[in-house]
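Working notes, structure below.
Each chain gets a letter, A, B and so on, in the order its sequence line appears, and its residues count up from 1. As the structure is a prediction and not an experimental result, all values here were calculated from the model.
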Number of protein chains: 2
Amino acid sequence: MKKIDIFKKLRSSGLRPTKQRVEIAKFLFERDKTFHFTVESLDKLLAKKTTSKFALATIYNTVHAFKKAGHLSEVEVRGKKTYFDTNITNHHHFYDSETCELIDIDANDVVIQKIPKAPNGKKIKNVEVFINLKN
Amino acid sequence: MKKIDIFKKLRSSGLRPTKQRVEIAKFLFERDKTFHFTVESLDKLLAKKTTSKFALATIYNTVHAFKKAGHLSEVEVRGKKTYFDTNITNHHHFYDSETCELIDIDANDVVIQKIPKAPNGKKIKNVEVFINLKN
DNA sequence: TCCTAGTTTATAATTATTCTAAAGTAAAAA
DNA sequence: TTTTTACTTTAGAATAATTATAAACTAGGA
């Protein structure tokens, strides 16, 4: 994804293309595979891979802005830290608790034959399948 | 569940039946339906429903001891607080984000036809299905 | 009854995250 | 282009859930 596209992506979601947002966006979205991270891991990676400095609060702000704009999704992981995913399509996850690592599962690789219907007046927003791994 | 059974339950899992543990166990397990809670909600309920006093740390300790002994399970819910469930059988959940409420789904009410196999050298520990609700 | 290991307690520490207020910057208006 | 304004970034403080600590307490065996 070129810089110009990053600009468009930000603009189209009402986010000013500031220096920090562009840098973070480039880091997150200029890759082939999907990327899973926590704010902490992103902070460390940015420190290592870029020359800019980022306040932690900026990383929180930016990541949440991207999430709100639909460029990132937040993943259901039990634990303290929040995980984000650059894959915003509907999909599922393996979780390796040994390494605290998430692995994407394509929505087509999971087929659910039967689920109960939502209770009284509620509707189903989405179904997340989470497969915990062990060694 | 009678008091004597609470004692047995604790004993058999290597937990001394102290005043606090017995009180908390009675509160958690002497009920027909499964019970979902956070440490915070449990603390409030104990304060309201019992005459004893409990340090917050004791509630954390006790709940984790019960979890370790297999009397409680921890539920996959995104968010800050950890949810526990007195239903320790393999089952799934609805989650109502409006009310922050969990609802059990019997394992038999979910049939998964296809899941991918675990990656390289890993095995599947368990599969959790989480159905988010909306209004 | 006495002893000892396991428990409870109040409080401090930790950790992830959010808030705040001042300084900085993008981009619209003049 | 300059000015203005609203949005951003920043460092550090505040918050909230949880865990650690260390002293006082207690269950249960000797």
Side-chain angles (χ1 to χ4, degrees), chain A residues 3-4 6-27 36-47 50-69 71-72 74-84 100, chain B residues 3-4 6-27 36-47 50-69 71-72 74-84 100:
Chain A
K3 191 164 184 179
I4 189 78
I6 296 278
F7 268 69
K8 272 187 197 162
K9 190 170 200 163
L10 295 178
R11 272 276 149 59
S12 64
S13 37
L15 300 172
R16 263 193 202 166
T18 62
K19 180 163 160 286
Q20 287 81 351
R21 284 185 184 152
V22 171
E23 282 248 47
I24 296 177
K26 285 178 73 175
F27 184 77
H36 297 106
F37 62 94
T38 64
V39 169
E40 192 198 7
S41 70
L42 180 56
D43 181 42
K44 282 183 185 157
L45 286 167
L46 286 170
T50 75
T51 50
S52 316
K53 276 198 65 189
F54 300 88
L56 200 53
T58 300
I59 300 179
Y60 274 99
N61 284 345
T62 305
V63 164
H64 281 122
F66 287 164
K67 183 195 156 195
K68 206 166 176 184
H71 301 314
L72 288 175
E74 198 175 329
V75 187
E76 199 70 39
V77 183
R78 171 168 49 217
K80 302 184 192 213
K81 290 180 201 165
T82 304
Y83 283 71
F84 293 91
C100 298
Chain B
K3 191 165 184 178
I4 189 79
I6 296 279
F7 269 68
K8 273 186 196 160
K9 188 170 200 164
L10 295 178
R11 271 277 149 60
S12 65
S13 40
L15 300 171
R16 262 194 202 164
T18 62
K19 181 164 159 286
Q20 288 80 352
R21 284 186 184 153
V22 171
E23 280 249 46
I24 295 177
K26 285 178 72 178
F27 184 77
H36 297 106
F37 61 94
T38 63
V39 169
E40 193 199 7
S41 69
L42 179 58
D43 181 42
K44 283 184 186 158
L45 287 168
L46 286 171
T50 76
T51 50
S52 316
K53 276 198 68 190
F54 300 87
L56 200 52
T58 301
I59 300 179
Y60 275 100
N61 284 345
T62 305
V63 165
H64 282 122
F66 287 166
K67 183 195 157 194
K68 206 168 177 183
H71 302 313
L72 287 176
E74 199 175 327
V75 187
E76 198 71 40
V77 182
R78 171 169 47 216
K80 303 188 189 205
K81 291 181 199 163
T82 304
Y83 284 71
F84 294 91
C100 298

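The interatomic distance linking L10(B) (CG) with dT8(C) (C1') rounds to 15 Å, in whole Å. Taking atom CG of residue L46(A) and atom P of nucleotide dT9(D), one finds them 13 Å apart after rounding to whole Å. One atom, CZ of F37(A), and another, P of dT17(C), lie 12 Å apart when rounded to the nearest Å. K68(A) places its NZ atom 12 Å from the P atom of dT18(C), with the value rounded to the nearest Å. The CG-C1' distance, from L15(B) to dT26(D), rounds to 16 Å in whole Å. Atom CZ in F84(B) sits roughly 10 Å away from atom C1' in dT18(D) (whole-Å rounding). If you take CZ of R21(B) and C1' of dT26(D), they are 12 Å apart, rounded to a whole angstrom. Rounded to whole angstrom, the span from the CD1 atom of I24(A) across to the P atom of dT9(D) amounts to 8 Å.
Across all their heavy atoms, C100(A) and Y83(A) have their closest contact at O-OH, 3.1 Å.
By the side chain to side chain contact (heavy atoms under 4.5 Å, CB included) test, K81(A) is found to be paired with T38(A), E40(A), residues two or more places apart in sequence or in another chain being considered. With sequence neighbours left out, K67(B) forms a salt bridge (charged side-chain N to carboxylate O under 4.0 Å, His left out) with E74(B). Scanning for salt bridge (charged side-chain N to carboxylate O under 4.0 Å, His left out) contacts around E76(A) gives R78(B), with sequence neighbours left out.
Between R16(A) and dT25(C), a side-chain N or O to OP1/OP2 separation shorter than 4.0 Å is absent. Here H64(A) does not reach the OP1 or OP2 of dT17(C): none of its side-chain N or O atoms lies under 4.0 Å away.
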Sequence neighbours left out, cut at 3.5 Å: what donor-acceptor pairs do the side chains of residues 53-66 of chain B make with other protein atoms?
residue	atom	partner	partner atom	Å
N61(B)	ND2	A57(B)	O	3.4
T62(B)	OG1	T58(B)	O	2.7
H64(B)	ND1	Y60(B)	O	3.1

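Contact check of residues 53-60 of chain A against DNA chain D (heavy atom, cut-off under 4.0 Å) returns K53(A), F54(A), A55(A), A57(A), T58(A). Within residues 75-82 of chain B, the residues approaching DNA chain C are K80(B), by heavy-atom distance under 4.0 Å.
The residue among Q20(A) and P17(B) whose nearest nucleotide of DNA chain D is located toward the 5' end is Q20(A). Nucleotides of DNA chain C nearest to V39(A) and T62(B) differ in position, and the one nearer the 5' end is that of T62(B).
Taking CG of L10(A) as the reference point, atom NE2 of H71(A) lies at 6.5 Å (rounded to 0.5 Å). Rounded to the nearest 0.5 Å, atoms CZ (F27(A)) and CG (L45(A)) are 4.5 Å apart.
With hydrogens and angles disregarded, no donor-acceptor distance shorter than 3.5 Å links the side chain of S41(B) to the backbone of F37(B).
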